[in-house]
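Computed from a prediction, not measured in an experiment: that's the story for all the values here. When a residue number appears, it is its place in the shown sequence, counting from 1. For ligands, and for the atoms within them, numbers begin at 1 and follow the listed sequence. Just so it is clear, the values below take in all heavy atoms, side chains as well, and ignore hydrogens, waters and symmetry mates.
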Amino acid sequence: MTKKSKFTIKDKEFELPLLDGSIGPSVIDVTKLYSDSSFFTYDPGFTSTASCKSSITYIDGDKGECYYRGYPMDIMAEKSNFLEVVYLLWQGQLPNKKQWDEFSNVIKNHTMVHEQMQTFFNGFRRASHPMAITVACVAALSAFYPDSTNVNDLDQRVISARRMIAKVPTLAAMAYKYSIGQPFIYPDNELNYTENFLKMCFAVPAEKYRVNKIFAKALDKIFILHADHEQNASTSTVRLAASSGVNPFASISTGFTSLWGPLHGGANEAALNMLKEIGDVKNINKYIDKAKDKNDPFRLMGFGHRVYKNYDPRAKVMQKTCHEVLEVLGRTDDKLLEVAKELEKIALNDKYFVEKKLYPNIDFYSGITLSAMGFPSSMFTVLFAIARTAGWLAHWKEMCLDPKNKIGRPRQLYIGEKPREFQPLNKR
Ligand code: CMC
């Protein structure tokens with residue numbers, strides 16, 4: 001029997017279905033609220049609204065836990081690899097040996113991009129931000145691969161998803177190479193997914209490139225940590241764009257644009273810039289005061305989260321990975337790490353941050369780690385996007401398979417002018 005929630009609006013009683021998930025809070029199904037009562041709900045920023053049903057990722061924000069298809073994300077980061085996580089998110093299950101061989105081979109065999117994409121790159125200014133180039137190139141994939149743009153064709157959906165998983169790292173590396181004026185490096189199918197990406201970013205034709213296995217493992221872990229995070233801004237953007245039936249490349253490119261903002265995936269770049277600006281532990285208190293000042297727009301980047309009201313589990317793994325990378329480089333006395341650790345300590349004991357439950361998030365330590373590996377800060381959000389492409393695609397697939405899927409069309413509380421008479425220019 002369907003559970004009901006009862007409530008009263010203007011002395012009239014209404015009943016709406018109450019839906020239970022497998023874990024987490026139940027939801028009131030308000031889809032019939034308007035037709036039954038002529039009222040809408042109002043929830044800017046979706047603070048109390050579940051926008052869809054999903055079985056991909058579960059976050060327990062109070063406990064600081066995150067699960068991919070039921071597996072703890074931190075265990076996946078420790079024991080799995082990124083491509084296996086991509087498979088898990090997409091298929092719902094971990095692959096057996098045969099499925100793994102088939103999947104990893106297919107991805108390897110699609111890492112090259114259409115040769116003509118190189119001329120497409122040439123249209124950009126060299127100084128362009130790599131994220132600007134990557135956003136445009138992902139959207140442009142629909143022009144290069146029109147044979148996998150029909151969202152109603154199951155095979156084309158699979159092909160387009162595999163193409164994006166395989167080609168996004170190639171495009172991202174090309175964007176980086178282009179921005180620093182170096183030649184593009186073709187993919188190397190002898191290497192695994194992450195090793196290949198490192199090579200495409202850091203190899204030069206004049207020298208033999210040897211992958212640093214510890215960096216490759218660390219970056220793979222970082223990709224796993226960023227692979228999905230349920231209905232965040234970029235994933236919801238992808239779902240809303242895709243709900244119109246637009247082709248998959250166009251849908252996924254909207255995830256890139258939304259992710260770029262400093263409150264979302266752009267926070268890793270902003271967090272590193274902030275640590276550099278603070279520069280020394282002696283300046284920390286000044287910045288803590290700025291973050292607490294209501295008249296100052298400054299926020300501690302890499303701190304706070306809409307869902308986590310506890311330590312972000314991704315930040316814990318990231319902090320450990322950061323130490324591992326700096327240790328390999330013999331940089332355990334890294335000045336920025338020292339500032340970050342002290343800033344974290346002070347903020348975690350400060351009444352303002354304690355009361356508002358503001359903890360370090362994934363972006364707090366990722367910048368230091370990626371920068372130590374040789375990536376410029378302009379590449380941080382691009383790296384996040386490579387990983388999150390896996391999550392966007394899984395959500396896109398889930399949405400395409402949902403028979404109840406409708407075009408997304410929020411309503412509004414109109415607060416503008418009431419209908420009024422037009423006055424010609426000479427009478428205004
Ligand atoms: N520094 C100082 N104060 C903060 C911060 C911060 N980083 N984050 C939130 N607050 C305060 C905020 O001023 C507000 O105070 P009050 O209640 O007095 O008005 C309160 O905490 C709640 O903040 P909010 O902006 O209403 O919370 P939100 O859930 O809308 O925003 C957030 C979440 C992540 C956008 C926000 O915490 C933030 O701007 N953090 C810095 C940017 C950042 O690190 N983003 C990465 C998020 S994790 C990776 C990802 O998902 O992309």
Heavy-atom nearest neighbour in the protein, as seen from atom 30 (O) of ligand 1, with distance rounded to 0.1 Å: Arg306 NH2, 3.0 Å
- prompt: Purely on distance, is any nitrogen or oxygen of Gly302 under 3.5 Å from one on ligand 1?
  reply: yes
Identity and separation of the nearest protein heavy atom to atom 52 (O) of ligand 1: His264 ND1, 2.6 Å
task: With heavy atoms under 4.0 Å as the rule, classify the contact between Phe364 and ligand 1 as side chain, backbone, both or neither.
output: neither
- prompt: Are any of the N/O atoms in Phe384 less than 3.5 Å from those in ligand 1?
  reply: no
message: Tell me whether Phe353 has any N or O atom under 3.5 angstrom from an N or O of ligand 1.
response: no
- prompt: When you check the side-chain N and O atoms of Arg163 and Ser148, is any donor under 3.5 Å from an acceptor?
  reply: yes
message: Would you say OH of Tyr42 has more than 12 non-hydrogen atoms from neighbouring residues, nucleotides or ligands within 6.0 angstrom?
response: no
- prompt: So, is the end of the Lys357 side chain (NZ or CZ) under 6.0 Å from the ring centre of Tyr359 and within 45° of the ring's axis?
  reply: no
- prompt: Got Phe384 and Trp260 here, is their nearest side-chain heavy-atom distance under 4.5 Å?
  reply: no
- request: Run the numbers for me: atoms of ligand 1, each under 4.0 Å from some heavy atom of Gly304, listed by number.
  value: 34 (C), 37 (O)
field: Proximal atoms of ligand 1 relative to Ala291 (non-hydrogen, under 4.0 Å)
entry: 2 (C)
message: Using heavy atoms and a 4.0 Å limit, tell me yes or no: is Asn232 in contact with ligand 1?
response: no
- request: Distance to 0.1 Å, residue and atom name: give those for the protein heavy atom nearest to atom 45 (N) of ligand 1.
  value: Leu263 O, 3.0 Å
- prompt: Among protein heavy atoms, which lies nearest atom 1 (N) of ligand 1, and at what distance?
  reply: Leu300 N, 3.1 Å
task: Specify side chain, backbone, both or neither for Lys356, according to which of its non-hydrogen atoms lie closer than 4.0 Å to ligand 1.
output: side chain
message: Please tell me whether Ser54 and Glu398 have a donor and an acceptor in their side chains that are separated by less than 3.5 angstrom.
response: yes
- line: heavy-atom search around atom 26 (O) of ligand 1 in the protein gives Arg299 NH2, 4.8 Å
query: Any side-chain donor-acceptor pair under 3.5 Å between Gln231 and Arg239?
result: yes
- request: Check whether more than 12 heavy atoms from other residues, nucleotides or ligands sit under 6.0 Å from atom NZ of Lys345, and answer yes or no.
  value: no
message: Under 4.0 Å and counting heavy atoms only, is there anything from the protein next to atom 11 (C) of ligand 1?
response: yes
Reported CD1-to-OG distance for the pair Ile9 and Ser37, which is rounded to 0.5 angstrom: 4.5 Å
task: To the nearest 0.5 Å, tell me how far Ile222 CD1 sits from Phe380 CZ.
output: 9.5 Å
task: Answer side chain, backbone, both or neither: which part of Asn361 comes under 4.0 Å from ligand 1, heavy atoms only.
output: side chain
query: Heavy atoms, side chains only, cut-off 4.5 Å: are Thr381 and Asn268 in contact?
result: yes
Closest protein heavy atom (residue, atom, distance) for atom 9 (C) of ligand 1: Leu358 CD2, 3.5 Å
task: Report yes if the side chains of Tyr87 and Trp100 come closer than 4.5 Å at any heavy-atom pair, otherwise no.
output: no
- request: For the residue pair Tyr308 and His229, categorise the inter-ring angle as parallel (less than 30°), tilted (30 to 60°) or perpendicular (more than 60°).
  value: tilted
message: Under a 4.0 angstrom heavy-atom cut-off, which atoms of ligand 1 come close to Lys294?
response: 13 (O), 15 (O), 16 (P), 18 (O), 19 (O)
task: Report, in ascending order of atom number, the atoms of ligand 1 lying under 4.0 Å from any heavy atom of His305.
output: 34 (C), 37 (O), 48 (S), 51 (O)
- prompt: Under 3.5 Å between some N or O of ligand 1 and some N or O of Ala267?
  reply: no
- prompt: How far is atom 49 (C) of ligand 1 from its nearest protein heavy atom, and which residue and atom is that?
  reply: Asp363 OD2, 3.1 Å
- prompt: What distance do Ile133 atom CD1 and Tyr178 atom OH have between them, rounded to the nearest 0.5 Å?
  reply: 7.0 Å
query: Tell me: protein heavy atom nearest atom 3 (N) of ligand 1, and distance?
result: Tyr352 OH, 3.0 Å
